[in-house]
Amino acid sequence: MQFKLYARQPFQFLSVVKSHGWVQLAPFTFDEQKVSLSYTDRLSNGRVLTYHISETTDGVAIETEKLTGSEQAEVAQHVTWMLGLDMDFSGFYAASLGEPKLLQAEKKAQGRVLRSPTLFEDVVKTILTTNTLWTATKRMNLKLINEYGPSSDGETDVRAFPNTAEIAASSPEVLKETVRVGYRAASIHELALRIESGNFNLESLKTSDLPTLDLRNELLKIKGVGPYAAANLLLILGRGDFIPLDTWALKLVSHEWYDGQPVTAKKVEKHFEKWAEFKGLAYLFWDWKYEG
DNA sequence: GGTAGACCTGGACGC
DNA sequence: GCGTCCAGGTCTACC
């Protein structure tokens, strides 16, 4: 079956899909030929299914197996969140006016970042990006899904991302041994346990109206989440105030303004200071000279 | 507030 | 095939 969702304009499907590396992390896959984003999801009734998302003239079309009315509503809710279909970036575009390096931002409808249906999945994926190479992040994420994620009926190679219960039921030692996440096992397991015990409502942060600084402090309380990870998660939560400052950011700034000479984190901050609440967005969608 | 060192994995490299 | 080095962000101890 197929159904469509409207996106607040301006909207460009590819700008969201290619906003950051998430599209390369299972259970996302992207078909370049068909320009179609696929995601294997688990609905609240336990059903595991894959849906395929493509662009329409004013939003997206979703193609999947036959769904009940409530299942369709849930998939629609998930896709709306994942692609930020209802998000408004007019403030960012207004602030970008006159900056040649952000000229393309409004034209390409940039601002949205691809996200997972649950914040838990995005926090775990973010922890998996820390202190490691991108290839290792992809491998750890895939192993986590293959070891702990539920499969759809009769297709053991199609799996959704594991939930908090599945990870909490394991142990840091087993996680470390089977998923090869190293010291990150303790952080991931502790987060799953905290949520499962009811002591921490992580998903409520998706709709929180806390000031960004307070929201950042909440994220920093999660073991394994430091300044870089918190900034990345804030961008996912639609708060563009902080720059995810990693070695890549230092490299970009070094080639942009310092002829490839080493730069400090303070210099990166200084160059984006003027963008205030849009600092992170300006950094993320800057038209960088250096491409790696 | 700033800094140094440990954490852990797998790829690259030299032998 | 083996050993060594390196990249990567967070945490903790220390000044």
Side-chain angles (χ1 to χ4, degrees), chain A residues 19-26 113 115-116 119-148 162 167 170-195 199-200 202 205 212-237 239-256 258 260-273 279-280 283-284 288 290-292:
Chain A
S19 54
H20 61 156
W22 256 215
V23 65
Q24 297 172 40
L25 297 179
V113 294
R115 42 197 186 181
S116 312
L119 188 53
F120 174 69
E121 182 174 333
D122 280 339
V123 173
V124 171
K125 283 177 170 172
T126 300
I127 290 173
L128 296 183
T129 66
T130 59
N131 198 22
T132 192
L133 305 176
W134 183 242
T135 49
T137 299
K138 289 200 278 189
R139 190 188 52 247
M140 288 187 275
N141 177 66
L142 190 60
K143 268 182 180 283
L144 188 67
I145 291 170
N146 287 340
E147 292 290 337
Y148 295 95
I167 293 185
S170 182
S171 69
E173 293 73 26
V174 175
L175 263 173
K176 195 171 161 179
E177 188 58 37
T178 56
V179 190
R180 313 299 293 166
V181 288
Y183 65 89
R184 299 169 197 84
S187 313
I188 295 167
H189 189 254
E190 186 189 293
L191 175 65
L193 268 185
R194 264 178 78 198
I195 298 169
N199 291 330
F200 182 36
L202 175 66
L205 299 185
T212 305
L213 220 51
D214 295 341
L215 193 54
R216 180 173 183 264
N217 286 336
E218 284 302 309
L219 292 168
L220 288 172
K221 284 180 196 164
I222 300 170
K223 191 178 160 79
V225 173
Y228 157 78
N232 189 53
L233 289 165
L234 283 173
L235 279 166
I236 281 171
L237 289 169
R239 314 287 185 107
D241 315 36
F242 288 87
I243 299 171
L245 233 161
D246 56 4
T247 49
W248 181 244
L250 296 175
K251 204 173 276 180
L252 289 174
V253 169
S254 129
H255 283 87
E256 189 78 8
Y258 298 94
Q261 295 303 306
V263 298
T264 59
K266 276 188 179 167
K267 288 228 166 108
V268 179
E269 291 287 347
K270 193 171 157 276
H271 277 284
F272 286 92
E273 212 171 16
K279 228 173 5 178
Y283 160 77
L284 191 62
W288 297 101
Y290 185 72
E291 290 177 354

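A note on names: the letters A, B, ... follow the listed sequences, proteins ahead of strands, and every chain is numbered from 1.
- A donor-acceptor pair under 3.5 Å links the side-chain atoms of A:Thr137 to the main chain of A:Leu128, judged by distance alone.
- Side chain of A:Arg184 to backbone of A:Thr130: a donor-acceptor contact under 3.5 angstrom is found.
- Residue-level contact check: A:Ile222 touches the backbone only, with heavy atoms under 4.0 Å from sugar-phosphate atoms and none from bases.
- A donor-acceptor contact shorter than 3.5 Å links the side chain of A:Asn141 to the backbone of A:Ala26.
- Summarising the geometry, the separation between CG on A:Leu128 and P on B:dG10 is reported as 13 Å, rounded to the nearest angstrom.
- Between A:Glu121 and A:Arg115 there is no salt bridge, since no side-chain nitrogen of the basic residue lies less than 4.0 Å from a carboxylate oxygen of the acidic one.
- Between the A:Asn199 side chain and the A:Arg194 main chain, no donor and acceptor come within less than 3.5 Å of each other.
- Base engagement by A:Thr132 is indicated by at least one non-hydrogen atom pair under 4.0 Å involving a base atom.
- A 4.0 Å heavy-atom criterion places the boundary nucleotides of DNA chain C facing chain A at C:dG8 to C:dC11, written 5' to 3'.
- Here the rule is ring-ring contact (aromatic ring centres under 6.0 Å, His included) with A:Tyr283, and of A:Trp248, A:Trp288, A:Phe242 only A:Trp288 fits it.
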**Request:** Classify every nucleotide of nucleotides 2-8 of chain B by which part a protein heavy atom approaches to under 4.0 Å, writing B for the base, S for the sugar-phosphate alone and - for neither, in 5'-to-3' order.
**Result:** S----BS
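- For the side chain to side chain contact (heavy atoms under 4.5 Å, CB included) with A:Leu234, the lone residue among A:Asp241, A:Leu205, A:Ile243, A:Leu215 that qualifies is A:Leu215.
- Ion pairing between A:Glu218 and A:Lys221 holds under the 4.0 Å rule for side-chain N and carboxylate O.
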